[in-house]
Protein chains: 4
Amino acid sequence: MAESTKGRILKAAVYMFSVYNYYTTSMAMIAEKAGVSKGTLYWHFASKEELFRELLVKAADYFIKVFKTTAQKSDISAVEKLYELIKLIVEAPEKKYRIKSILSKNAQFISQKSKEKLLEKREEIIEVLAGIVKQGIKEKAIQDGDPHQLAIAVLAVIFNPHGSWLIDELRDKEEQANFIFGFIMNGISTKGELK
Amino acid sequence: MAESTKGRILKAAVYMFSVYNYYTTSMAMIAEKAGVSKGTLYWHFASKEELFRELLVKAADYFIKVFKTTAQKSDISAVEKLYELIKLIVEAPEKKYRIKSILSKNAQFISQKSKEKLLEKREEIIEVLAGIVKQGIKEKAIQDGDPHQLAIAVLAVIFNPHGSWLIDELRDKEEQANFIFGFIMNGISTKGELK
Amino acid sequence: MAESTKGRILKAAVYMFSVYNYYTTSMAMIAEKAGVSKGTLYWHFASKEELFRELLVKAADYFIKVFKTTAQKSDISAVEKLYELIKLIVEAPEKKYRIKSILSKNAQFISQKSKEKLLEKREEIIEVLAGIVKQGIKEKAIQDGDPHQLAIAVLAVIFNPHGSWLIDELRDKEEQANFIFGFIMNGISTKGELK
Amino acid sequence: MAESTKGRILKAAVYMFSVYNYYTTSMAMIAEKAGVSKGTLYWHFASKEELFRELLVKAADYFIKVFKTTAQKSDISAVEKLYELIKLIVEAPEKKYRIKSILSKNAQFISQKSKEKLLEKREEIIEVLAGIVKQGIKEKAIQDGDPHQLAIAVLAVIFNPHGSWLIDELRDKEEQANFIFGFIMNGISTKGELK
DNA sequence: TATGAATGAGAGTTCATTCAT
DNA sequence: TATGAATGAACTCTCATTCAT
């Protein structure tokens with residue numbers, strides 16, 4: 001089955017927005033990458049912002065699916081779920097990784113524009129995470145705080161837009177995942193080791 | 001002493017870049033806010049990017065000073081230093097807060113452009129933080145990892161650009177500082193409570 | 001009999017061109033109003049201009065018919081014919097009035113584009129009017145000038161595109177028709193009353 | 001004294017809008033005609049519509065001045081004033097004539113956009129004309145109707161946008177002016193000859 | 001006949017930058 | 001030092017038109 005034009009555009013947009021950013025990516029660049037004319041972009045999307053929003057919604061949906069899949073597993077602990085999630089995201093293949101890159105890179109624009117639906121999606125992701133956190137609290141593995149707040153903090157670390165904080169330091173993806181997991185779980189204090 | 005034109009421009013730029021971002025702030029906007037002509041901007045700065053870079057260097061220098069002042073205190077522990085730093089940044093007055101806002105909001109652009117000097121500054125900040133971490137390790141309050149990596153992680157949380165993750169949730173600044181401090185120190189696991 | 005597609009398009013075009021104008025009416029708008037696709041427009045008409053021209057020809061034919069019907073009446077004077085015509089046009093029902101509106105609003109574009117056939121139609125209308133004028137001259141009711149010129153002047157007043165000069169002033173259509181008739185017949189001087 | 005850039009742009013715009021119309025005249029065309037870059041247009045005018053509006057206001061002001069100059073003459077009758085006005089407009093030199101052309105050609109757009117100030121101007125012109133009509137009524141040369149309505153009718157004939165109704169028929173400008181004056185004063189009936 | 005996806009030329013507009021004064 | 005007028009490249013977006021189905 002041939003790929004739809006809209007799909008090709010979205011794919012090209014994902015690529016361009018991940019390499020550059022919302023402002024440095026022009027509609028002409030996306031059109032060229034997708035191999036269609038500029039006009040075609042506007043047949044499928046009302047505006048650049050609309051295209052971006054749709055792409056973000058798709059990206060959010062992807063993560064919601066990933067998060068939910070892990071969250072719904074009934075046979076593993078909350079901590080194991082968190083570890084799995086972090087590994088999934090950090091070790092994501094090139095293609096999927098771009099989606100995270102866009103979300104990280106352009107996170108600031110999300111909340112400023114295209115509010116409504118996007119904020120809903122964000123809330124949905126947080127809720128899923130909060131569910132895991134709640135489970136962790138029940139299991140006495142996670143401290144007894146507001147699950148919502150803790151989920152937000154975890155999310156902020158996972159989608160940290162600082163380019164790639166540790167990528168330069170820890171080349172190995174497994175090492176990265178472990179470091180992030182350790183940091184989220186225990187912070188930097190020694191307390192963990194007191195145990 | 002009357003404020004220098006260059007100073008007025010920089011101040012106006014800080015304001016504009018913190019309210020908007022690098023791309024949505026135009027030279028005209030900065031000029032107007034500063035009360036000078038666009039031409040004057042170009043007498044003091046070679047380009048928009050140069051102006052932005054200089055501003056970022058100034059912002060970095062500000063934080064280096066703040067960080068160093070705290071780091072150099074000889075009578076308090078590393079953990080106390082970290083708490084002090086987080087409080088200083090989270091509870092910064094409106095004016096100083098803008099600087100953090102720029103750094104957070106435009107963090108992604110920093111590493112892509114204006115590399116050289118800026119990366120040096122970043123490294124300098126990390127080094128100061130790493131010094132505190134080292135002290136903490138010596139004091140057995142911080143886990144025995146790579147101080148450099150730990151410092152980067154701490155920094156990423158402090159300058160997290162996700163708008164304001166918790167601002168909407170925790171209105172009280174002291175509460176915010178405590179939450180961030182707790183998160184950095186202990187993560188989300190229960191082990192922290194053993195302490 | 002179901003209305004033909006072409007007829008539906010023409011009707012939609014009449015509506016759109018009367019509400020907006022040639023340039024602010026897009027093919028997409030006409031297609032939507034007609035309930036057909038843009039492609040269909042191009043099956044029935046070679047181009048936007050062609051569609052417009054055809055519409056104008058239809059409009060002209062309508063007025064030719066109206067004018068001729070009145071002109072051919074054998075039992076009334078030229079002056080009565082003129083009065084009848086003006087009433088017919090001014091008091092035309094909403095639907096017919098649109099046709100006049102297009103002619104008035106877009107008159108300027110007629111002579112610049114789509115010349116040939118349209119100018120013939122215009123000439124035909126003028127000839128019919130000139131015929132009435134000639135009758136009036138014979139009847140010594142209209143001054144002895146060039147009937148062609150006088151017909152043009154009358155037409156220009158009737159199809160005056162100044163939005164609706166008097167519509168705002170004279171709400172009553174009969175009043176409007178009387179004013180226009182009076183103006184065409186006697187101008188603004190008192191002479192008529194001298195008689 | 002060198003002509004100002006803004007003046008050059010306005011002049012170029014007058015030319016282009018008189019030869020073409022609002023929609024078929026592009027900013028690029030005006031810029032080229034004026035010998036400046038497109039960007040310069042936007043230094044002097046906020047938008048195409050703004051430029052057009054300013055031009056229309058200037059055109060209206062020109063006619064207000066012309067009308068007032070004639071209206072204020074204390075030694076001639078209202079009828080003589082009207083004749084003078086018509087001659088002034090019909091026989092206007094090429095350059096001034098363009099202004100009338102724009103007003104006639106784009107009259108329809110005037111009332112749709114740029115309302116406020118422009119409608120005031122129109123009203124001002126009508127008032128001046130109405131003043132002349134009032135004088136005519138007092139002198140018993142003009143019929144005793146609503147001066148405002150009569151003025152509108154006169155204006156509509158003078159600024160009739162039907163391309164140039166009589167231009168093709170009456171090449172001689174004096175002849176044109178006489179015909180229009182005759183038409184406005186006496187219409188087409190024979191009564192005029194009683195005078 | 002009819003559709004709707006695709007095109008591409010060109011529209012209005014913005015903005016970092018330059019430069020004569 | 002400072003100005004503001006001018007530039008031109010690039011931008012987002014529109015729309016008459018085409019064409020495979």
Side-chain angles (χ1 to χ4, degrees), chain A residues 4-6 8-9 22-32 34-52, chain B residues 4-6 8-9 22-32 34-52, chain C residues 4-6 8-9 22-32 34-52, chain D residues 2 4-6 8-9 22-31 34-52:
Chain A
S4 74
T5 302
K6 186 163 180 176
R8 286 225 314 285
I9 292 171
Y22 183 74
Y23 298 103
T24 52
T25 297
S26 73
M27 290 300 258
M29 286 160 76
I30 297 172
E32 198 189 12
V36 299
S37 74
K38 260 189 296 173
T40 302
L41 259 49
Y42 285 89
W43 172 260
H44 292 282
F45 303 94
S47 65
K48 182 185 183 181
E49 196 180 329
E50 199 55 51
L51 163 53
F52 188 55
Chain B
S4 73
T5 300
K6 187 163 179 175
R8 285 225 314 286
I9 293 172
Y22 183 73
Y23 298 103
T24 51
T25 298
S26 73
M27 292 298 260
M29 284 159 77
I30 297 171
E32 196 191 14
V36 301
S37 74
K38 259 188 293 174
T40 302
L41 258 51
Y42 283 86
W43 197 92
H44 291 283
F45 303 92
S47 67
K48 184 185 182 181
E49 197 181 327
E50 196 57 51
L51 163 53
F52 188 55
Chain C
S4 74
T5 301
K6 187 162 179 175
R8 286 224 314 285
I9 293 172
Y22 183 74
Y23 298 103
T24 51
T25 298
S26 72
M27 291 300 259
M29 285 159 77
I30 296 171
E32 197 190 12
V36 299
S37 75
K38 259 191 292 176
T40 303
L41 257 51
Y42 282 87
W43 197 90
H44 290 282
F45 302 94
S47 66
K48 183 184 184 185
E49 196 181 328
E50 197 57 52
L51 162 55
F52 188 54
Chain D
S4 75
T5 301
K6 186 164 180 175
R8 284 223 315 285
I9 292 172
Y22 182 73
Y23 298 104
T24 51
T25 298
S26 73
M27 290 302 258
M29 285 160 77
I30 297 171
V36 300
S37 72
K38 261 192 296 175
T40 301
L41 258 47
Y42 285 87
W43 172 259
H44 293 283
F45 303 93
S47 66
K48 183 186 183 183
E49 194 179 331
E50 198 57 51
L51 163 52
F52 188 56

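For clarity, every value in this text was computed on a predicted model and none was experimentally measured. Below, all heavy atoms of this structure are taken into account, side chains as well, without hydrogens, waters or symmetry copies. In what follows, every chain begins at residue 1, and chains take the letters A, B, ... in the order their sequences are listed.
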* Asked: D:M29 or B:M27: which one's nearest nucleotide on DNA chain E is closer to the 5' end?
  -> D:M29

* Which parts of residues 39-47 of chain C get close to DNA chain E, meaning a heavy atom less than 4.0 angstrom away? -> C:G39, C:T40, C:W43, C:H44

* Structure fact -> When rounded to whole Å, the CD to C1' distance for the pair C:E50 and F:dT17 reads 14 Å

* Asked: Whom does E:dT17 pair with, Watson-Crick or G-U wobble, provided both distances fall under 3.5 Å?
  -> F:dA6

* Which is true for D:S37 with a 4.0 Å heavy-atom rule: it touches a base, it touches only sugar-phosphate, or it touches nothing? -> base

* Is there a side-chain polar atom (N or O) of C:T5 under 4.0 Å from OP1 or OP2 of E:dA2? -> yes

* Structure fact -> When rounded to whole Å, the CG to P distance for the pair D:L51 and E:dA11 reads 15 Å

* Please state whether the rings of C:F52 and C:Y22 are parallel, tilted or perpendicular, taking 30° and 60° as the class boundaries. => tilted

* Asked: Taking only N and O in the side chain of C:K48, is any of them less than 4.0 Å away from OP1 or OP2 of F:dA16?
  -> yes

* Residue mapping more 5' on DNA chain F - nearest nucleotide basis, B:K6 or B:K38 -> B:K6

* Structure fact -> Heavy-atom nearest nucleotide on DNA chain F taken for B:V36 and for C:A28; more 5' hit belongs to B:V36

* To do: Provide, to the nearest angstrom, the distance between the CD1 atom belonging to A:I30 and the C1' atom belonging to F:dT12.
  => 11 Å

* **For D:I9 against D:I30, the heavy-atom pair lying closest together** => O-CG2, 4.0 Å

* Grab the OH-C1' distance between B:Y23 and E:dT14 for me, whole Å please. => 16 Å

* To do: Nearest 0.5 Å please: distance from the NZ atom of C:K38 over to the CE atom of C:M27.
  => 9.5 Å

* What heavy-atom pair brings A:R8 and A:A34 nearest, and what distance separates the two atoms? -> NE-O, 3.2 Å

* Asked: What integer distance in Å separates A:E32:CD from F:dA10:C1'?
  -> 14 Å

Give the table of side-chain donor-acceptor pairs shorter than 3.5 Å for residues 40-47 of chain C, with sequence neighbours excluded, one pair per line with atom names and distance.
from, atom 1, to, atom 2, distance (Å)
C:T40, OG1, C:S37, OG, 3.1
C:S47, OG, C:E49, N, 3.4
C:S47, OG, C:E50, N, 3.1

* Asked: Quick one: on DNA chain E, does A:G35 or D:S26 contact a more 5' nucleotide (nearest heavy atom)?
  -> A:G35

* E:dT1 to F:dT21 separation - C1' atoms, rounded to the nearest Å -> 12 Å

